[in-house]
Each structure stands twice: as structure tokens, then as C-alpha cells.
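Both ligands and their constituent atoms are indexed starting at 1 by order of listing.
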Amino acid sequence: MKRIGVLTSGGDSPGMNAAIRAVVRKAIHSDIEVYGIYYGFAGLIEGNIEKLEIGSVGDIIHRGGTMLYTARTEEFKTEEGRQKGIDQLNKFGIEGLVVIGGDGSFHGARKLTESGYPCIGVPGTIDNDIPGTDFTIGFDTALNTVIDAIDKIRDTATSHERTYVIEVMGRDAGDLALWSGLADGAETIVIPEAPYNMDEIAARLKKGHERGKKHSIIVVAEGCESGVSFGKKIEEATQFETRVSVLGYIQRGGRPTASDRVLASRLGARAVDLLLAGKQGRMVGIQQNRLVDHDIAEALQLEHTIDMDMYKLSKELSI
Ligand code: ATP
């Protein structure tokens, strides 16, 4: 293999730049050329492709977003669309592709591989919802952004003695809600993976109020219910003045944390190693702090699971 490509696809996440940098530098270090494909699979279909040099990825390791930009395109879900992409890759003499993105992007990478074009997936999404890896690139940064926001809301919640419902991202996964809720001592964490009982939540909030708590923080995962509708239910059940805060897209931006930069660097470099070793249709990940790789198709069939012990712990600690 003498020339590989790299693209970012789907939702962006902090640390994607560090992953691109790792792919480019590791490839050049291994004496192979790297081409950047701009705007994900949409750019691939159009041939929006450019050679990247060592300097192309300078000064990006600390930046959020993705220097290759990202996009979503329905056309890539069709065989004709994917064939256009393969034609472009062949035209540029690119022999293997690193796809950085979420599970949708992994489906695209899987299908390209099934059509005979070697791809490796690198998990980049703030949702932490990809099976086969304990963490995805961007999750830690988003988590810290959420914690920072909750800390600030906590100050005003205390001053006004109010209940705050905070809606966090995560798509269908509750990881961001669970980890931020535990890290911020939320009274209640509402995640799609666990049913909730409004009577029990209301009783818990009232008990806290009776023993003199100045405020209550409730973290709700977007995949479970909207913060607004949950806030209404809380107010009805407790009669406490309740405010809702939807954190939204601030969770997707910002400088990647050290943890995300290190993870992205390790995973990006490993993806290049796999391509050079003749592997294809694999995804890289980290499990128990060791780099791993799995068959993408098999990984996509697994269900993402959440750490229910952590959920239990969050309840035990928020008495
Ligand atoms: P995030 O989880 O952050 O939203 P994602 O990678 O899951 O990221 P998607 O929008 O689901 O984001 O997928 C990105 C792109 O991957 C799609 O726009 C499409 O081009 C391609 N893609 C998604 N699913 C498939 C599929 N089943 N077959 C081929 N390509 C796909």
C-alpha cells in the first residue's frame, strides 16, 4: 500500500483533528502518501480530495471540529453512490481509507469494504454509543463541557433555590447523562437504558428539600425524553419551581481534552497500522485501556451497553 485516504463523517466531535493528524503523520512516517477527503462521503462522491503533507495537519491537535469538514449524504447509502466514491478513490490511486465517525459512518465503511475496498473505522462521536470500544473520540471533551455547564447552573440553582432539569446529548445512549450526572452529583439521572418512576423521583426530591437542600439538579438524556417535557412533569409532581436548560450544540465543540487527544492519536495511528498490515473492514477501539480492533460488521451488530453499576452508584450517592 503506497497511498491512503482519510475522511471525517457524520456529526463532528472534539478530537477528530487529532485523529486526522495521527493518520497523516503515521502514514508519512511509514513512507506512504495520505490524501484528505473533504466533507465526508459527500466529498468522496464529488472527488473533493487533496494530498496532505506533514504541515497540513500542523497546529490542529488542540482544535475542536474537523479540518476535513463533515457532511451527511443519502446518496452514499445507494450502491451507485458508493461506486462513484470507489471510482474517485481509484482515480486518485488511493488504496485504503480511514473513516473517522459514528455508527452511520461505520456502516458506510463496512459497505465499501464489502464492495472490495479496504476501510478501517475510527470511532469519533460525543455520544459514546459505538460497541467494541469503551470510549469514542470526543466523549470526554463533551463530558467536561457538560460538567462545566452544570457547575455554573448549580450556582444559580443554589441562589434561587430551584430545581433544574438539564437535557444533554447522546442520541439513543445515556452515557453522557450518566457520567455527567455522576460527576456532578445530580439528584436524578434519566437515561434511555433504565425506566424511571416519577413518584420515586418526586419523593426523593421532596426528601432532599425537607432536609434543607437548596437546589436539585436532574440530568436527562435526550434519547429518553425532552428536558422541557420532563421539567413539566417534575413541576407537576413536586410543585417546586423548575427550570429547564437544554445544553445543545455547545456539547459538540471546544478544545479537546488531553484524554481525547491521546485517544485520537492512538486510534488514528493504529488505523494506519492495520491498513499497512493488509487488514480491512475493521474498527479500532480502546477496551480496558488497551487498543483493540474488531470486525466492523460484527461490532455493528452488537448493542451498545451502559455501565449499570455506575447508574446504581449514582442513585446510592444522591440520597
Ligand atoms: P453521529 O453518530 O455523530 O451522528 P454518524 O456517523 O452516525 O455520526 P450518520 O449521519 O448516521 O452519522 O452517518 C454519516 C454518513 O454515513 C451518512 O450521511 C451516509 O453518507 C453514511 N451512511 C450512514 N449509514 C449508511 C449505510 N447504512 N450505508 C452506507 N452509508 C451510510
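Summary of contacts: the protein heavy atom closest to atom 20 (O) of ligand 1 is T73 O, 2.7 Å. Of the protein's heavy atoms, H107 CB, 3.5 Å lies nearest to atom 26 (C) of ligand 1. If you check which protein heavy atom lies closest to atom 28 (N) of ligand 1, you get K111 NZ, 3.4 Å. Among protein heavy atoms, atom 30 (N) of ligand 1 sits closest to G108 CA, 3.4 Å.
At under 3.5 Å, not a single nitrogen or oxygen of F41, backbone or side chain, sits near a nitrogen or oxygen of ligand 1. Of the polar atoms of G104, at least one N or O is found under 3.5 Å from an N or O of ligand 1, judged by distance alone. Geometrically, ligand 1 and E74 share no nitrogen or oxygen pair separated by less than 3.5 Å. At least one N or O atom of R72, backbone or side chain, sits closer than 3.5 Å to an N or O atom of ligand 1. No N or O atom of R110 sits closer than 3.5 Å to an N or O atom of ligand 1.
Those atoms of ligand 1 with a heavy atom of T125 less than 4.0 angstrom away are 2 (O), 3 (O).
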For residues 33-46, which side-chain N or O atoms pair as donor and acceptor with protein atoms under 3.5 Å away, sequence neighbours left out?
{"residue": "E33", "atom": "OE1", "partner": "R3", "partner atom": "NE", "Å": "2.7"}
{"residue": "E33", "atom": "OE1", "partner": "R3", "partner atom": "NH2", "Å": "2.9"}
{"residue": "Y38", "atom": "OH", "partner": "E50", "partner atom": "OE1", "Å": "3.3"}

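For the pair R171 and ligand 1, a heavy-atom separation below 4.0 Å is found.
Applying the 6.0 Å contact sphere to OH of Y69 captures no more than 12 heavy atoms from other residues, nucleotides or ligands. Atom NE2 of H62 is surrounded by more than 12 heavy atoms from other residues, nucleotides or ligands within 6.0 Å.
Compare S9, G11, G85 by their heavy atoms: the one nearest to atom 1 (P) of ligand 1 is in G11. Nearest residue to atom 6 (O) of ligand 1 from G10, A71, S105 is S105 (criterion: closest heavy atom).
Defined by atom type and a distance below 3.5 Å, a donor-acceptor pair is missing between the side-chain atoms of R282 and T113. T70 and D12 share no side-chain donor-acceptor pair at under 3.5 Å.
Proximity of K77 to ligand 1, defined as any heavy-atom pair under 4.0 Å, is shared by backbone and side chain alike. Contact annotation: for F76 versus ligand 1, heavy atoms closer than 4.0 Å belong to both the backbone and the side chain.
Residue pairs satisfying the salt bridge (Lys or Arg N to Asp or Glu O under 4.0 Å) criterion with at least one member in residues 305-319, sequence neighbours excluded, are listed as follows: E200-K315, K312-E316.
Residues H209 and F240 place their aromatic rings such that the two centres sit under 6.0 Å apart.
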Quick one: do S216 and T163 satisfy side chain to side chain donor-acceptor pair (under 3.5 Å)? Show the steps, please.
CA-CA 5 Å; S216 295; T163 300; 4.5 Å; no
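Taking a cutoff of 4.0 Å between a charged side-chain nitrogen and a carboxylate oxygen, E225 and K233 qualify as a salt bridge.
Put simply, the residue from D184, I166, T188 that forms a side-chain contact (heavy atoms from CB on, under 4.5 Å) with I217 is I166.
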